[in-house]
Participant: 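Quick one: the structure is below, and I'll ask about it shortly.
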Amino acid sequence: MSLRLYDSATHAVRPFEPLVPGQVGIYLCGATVQAPPHIGHVRSALAFDVLVRWLRRTGHRVTMVRNVTDIDDKILAKANEAGQEWWALAYANERAFTAAYDALGLLPPTYEPRATGHVPAMVELMERLVDRGHAYVAGPGEVWFDVRSWSAYGELTHQSVDDMKPSSDATDGVAKHHPADFALWKAAKPHEPESASWDTPFGRGRPGWHLECSAMAQRYLGDSFDIHAGGLDLRFPHHENEQAQSRAAGFGFAQYWLHNGWVTISGSKMGKSLGNSLLVSTLLADVAPAVLRYALVGVRYRSMLEWTPETLSDAAATWERLASFVERTADAGADLAAVALPEAFVAAMDDDLDIPAALAVVHETLRAGNTALAAGRRDDAAASALVLRAMLDVLGLDPTAWSTTGDARAAAALDVLVEAQLEARAAARGARDFSAADAIRDRLVTAGIAVEDSPTGSRWSLA
RNA sequence: GGUGGAGUGGCCGAGUGGCGAGGCAGCGGCCUGCAAAGCCGUCUACACGGGUUCGAGUCCCGUCUCCACCUCCA
């Protein structure tokens, strides 16, 4: 049995067969950098980060493309409000996204193209569409895709153009031939900065959102590629339009469509419009990045993830359990790629990345390891730890990779001091002077240092 | 109006008709000088009403409720 993925174009779980065996091309719709990332944004990135890790672990060479949309209406509007250059605002937010991705341990994408760097490729694509009769120029710098020229339009989301609610934007786009026609190129407007438009054979303007992704996907992954991924909310119109453009231009485009569910609060989608966005930077001020990663990765990628006040503390408790076991047993130098993964874990991951089921195997392994440790079977415990780490590594959660060493010199000094205290406590306990022993422990606990006794001695950790 | 998703125990969250998901929290126990950690056990479930079946959270029909996309959205 090998990987099966839910393809949202066909609404079915399909065996995953790459176009070229052993090689996988993935295009993930990345951020429109108009604001710093909230946890919904990084959930999407994390979901497909795990996909990449699993594909690599199972022997595939993966090319991962995650774009940055660095120009759009909102970026221009916000920059204008703030009295800032649009590109300065975009870049500041791009940096914030990169910082969040790095903090959460995402593997870097193979390519991370920016829309503004690919205008020539977009122009080429537009020319192709105009030549083939699938796009028309309505005015200087104004180019539309002609949905009626493409009979397959609506195939991705199983909708028919005639049944769609007429959009509000249908009325202002007087130059459109059909309300569902969408912009490939938007004409430069007088009040917009000169730097926000480019010359094209059709006039001056800037790219429409959908066109960017089609052009960049083709540039880095070729005419046909394996997987196109993104948030569920992008299915329509964005992904429908991308597919229509690319296929109308004669390209095979994506073979599988994967869409992640979003983060909800009280059942409703998290988003700026609802004012319930939780920024990554805010949460990371209070919680270890691995804990946030665990919380966001532990739910099936295409389910909604309900965020509650307990989510982070639950994740923290579980993470502590995993990390402290590994800390007590693991050999940090081991080659995890060489470790055989439990069958049940593999089966769960192959089943459209059923991470909750995979985590059940992780917890079984953890329990077996703790039992071995308590029984003094060090070798068995170490073996469990190795398997545990190999599984967690697939999820980007190997605790040894997340250990917070901090300042090594300060840590060494602290160790000497705490060990001295623990020796004094051990002496007191030996003399059955428990009030003295407890006084030492209480002082340490107050200072944020947890003490645990065991038959082989006491150990300490920063709580 | 069109298209789609969802309703599982205190919370989160899997579930491919045939014992038990898993985690967090709770309760009881073991261990401990006392703790902590760990281990063992344990209480709370499948929105509602019918039906099919030897057997249904899982299939069928109906009802209710919620969410989303069709405008920018991970």
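Within every chain, numbering begins at 1; the chains are lettered A, B, ... in the order of the sequence lines, protein sequences first and strands thereafter.
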Participant: By nearest heavy atom, map A:Arg328 and A:Asn260 onto RNA chain B; which one lands nearer the 5' end?
Facilitator: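 Closest to the 5' end, via its nearest nucleotide, is A:Arg328.
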Participant: Do A:Ser8 and A:Arg235 meet the criterion of a side-chain donor-acceptor pair at a distance under 3.5 Å?
Facilitator: no
Participant: Is it the case that the ring center of A:Tyr153 lies less than 6.0 angstrom away from the ring center of A:His178?
Facilitator: no
Participant: Applying the Watson-Crick and G-U wobble criteria at under 3.5 Å, what pairs with B:rG62? Answer none if nothing qualifies.
Facilitator: B:rC48
Participant: Using whole Å, report how far CG of A:Leu322 lies from C1' of B:rC24.
Facilitator: 13 Å
Participant: Within the modelled atom types, does a donor on one side and an acceptor on the other bring the side chain of A:Lys74 and the base of B:rC72 under 3.5 Å apart?
Facilitator: yes
Participant: Once you apply a heavy-atom cut-off of 4.0 Å, does A:Val362 come out as touching a base, just sugar-phosphate, or nothing?
Facilitator: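 Nothing, no heavy atom under 4.0 Å.
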Participant: Please evaluate the base of B:rA37 for a donor-acceptor partner in the side chain of A:Arg459 within a cut-off of under 3.5 Å?
Facilitator: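 For A:Arg459, whose side chain was compared with the base of B:rA37, there is no donor-acceptor pair (under 3.5 Å).
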Participant: Any base atoms under 4.0 Å from A:Ser313, or only sugar-phosphate, or nothing? Heavy atoms, all strands.
Facilitator: nothing
Participant: Going by modelled atom types, is there a donor-acceptor pair between the base of B:rG15 and the side chain of A:Asp354 at under 3.5 Å?
Facilitator: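 In this structure, the two groups form no donor-acceptor pair.
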Participant: Measure from the side-chain heavy atoms of A:Arg441 and tell me the nearest of B:rC39, B:rC34, B:rC70.
Facilitator: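 Out of B:rC39, B:rC34, B:rC70, the nucleotide with an atom closest to A:Arg441's side chain is B:rC34.
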Participant: Nearest whole angstrom, please: distance from the C1' of B:rA21 to the CD of A:Glu364.
Facilitator: 9 Å
Participant: Please name the nucleotide paired to B:rG10 by Watson-Crick or G-U wobble geometry with both distances under 3.5 Å, or report none.
Facilitator: B:rC24
Participant: Quick one: A:Arg302 CZ to B:rG4 C1', roughly how many Å, whole number?
Facilitator: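 Rounded to whole Å, this separation is 13 Å.
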Participant: With a 3.5 angstrom cut-off on both distances, give the Watson-Crick or G-U wobble partner of B:rA68, or none if there isn't one.
Facilitator: B:rU3
Participant: Quick one: does A:Arg429 reach the base of B:rG33 with a side-chain donor-acceptor pair under 3.5 Å?
Facilitator: yes
Participant: Suppose we call a contact any N or O donor and acceptor under 3.5 Å apart; does that hold for the side chain of A:Asp453 and the base of B:rC34?
Facilitator: yes
Participant: Does A:Asn370 or A:Val299 map to a spot on RNA chain B nearer the 5' end, using the closest nucleotide for each?
Facilitator: A:Val299
Participant: Using both distances under 3.5 Å as the test, list the Watson-Crick or G-U wobble partner of B:rU53, or none.
Facilitator: none
Participant: Expressed in angstrom and rounded to an integer, what is the separation of A:Arg425 atom CZ from B:rG33 atom P?
Facilitator: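 One finds 11 Å between P of B:rG33 and CZ of A:Arg425, rounded.
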Participant: Do A:Arg235 and B:rC70 share a donor-acceptor pair, side chain to base, under 3.5 Å?
Facilitator: no
Participant: For the salt bridge (Lys or Arg N to Asp or Glu O under 4.0 Å) test, which of A:Arg206, A:Lys189, A:Lys78 pairs with A:Asp73?
Facilitator: A:Arg206
Participant: Need one value for A:Gly230: base, sugar-phosphate or nothing, where a base atom within 4.0 Å counts as base even if backbone is also close, heavy atoms only.
Facilitator: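 It contacts sugar-phosphate atoms only.
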Participant: Does the structure show a Watson-Crick or G-U wobble partner for B:rC39, both distances under 3.5 Å? Name it, or say none.
Facilitator: B:rG29
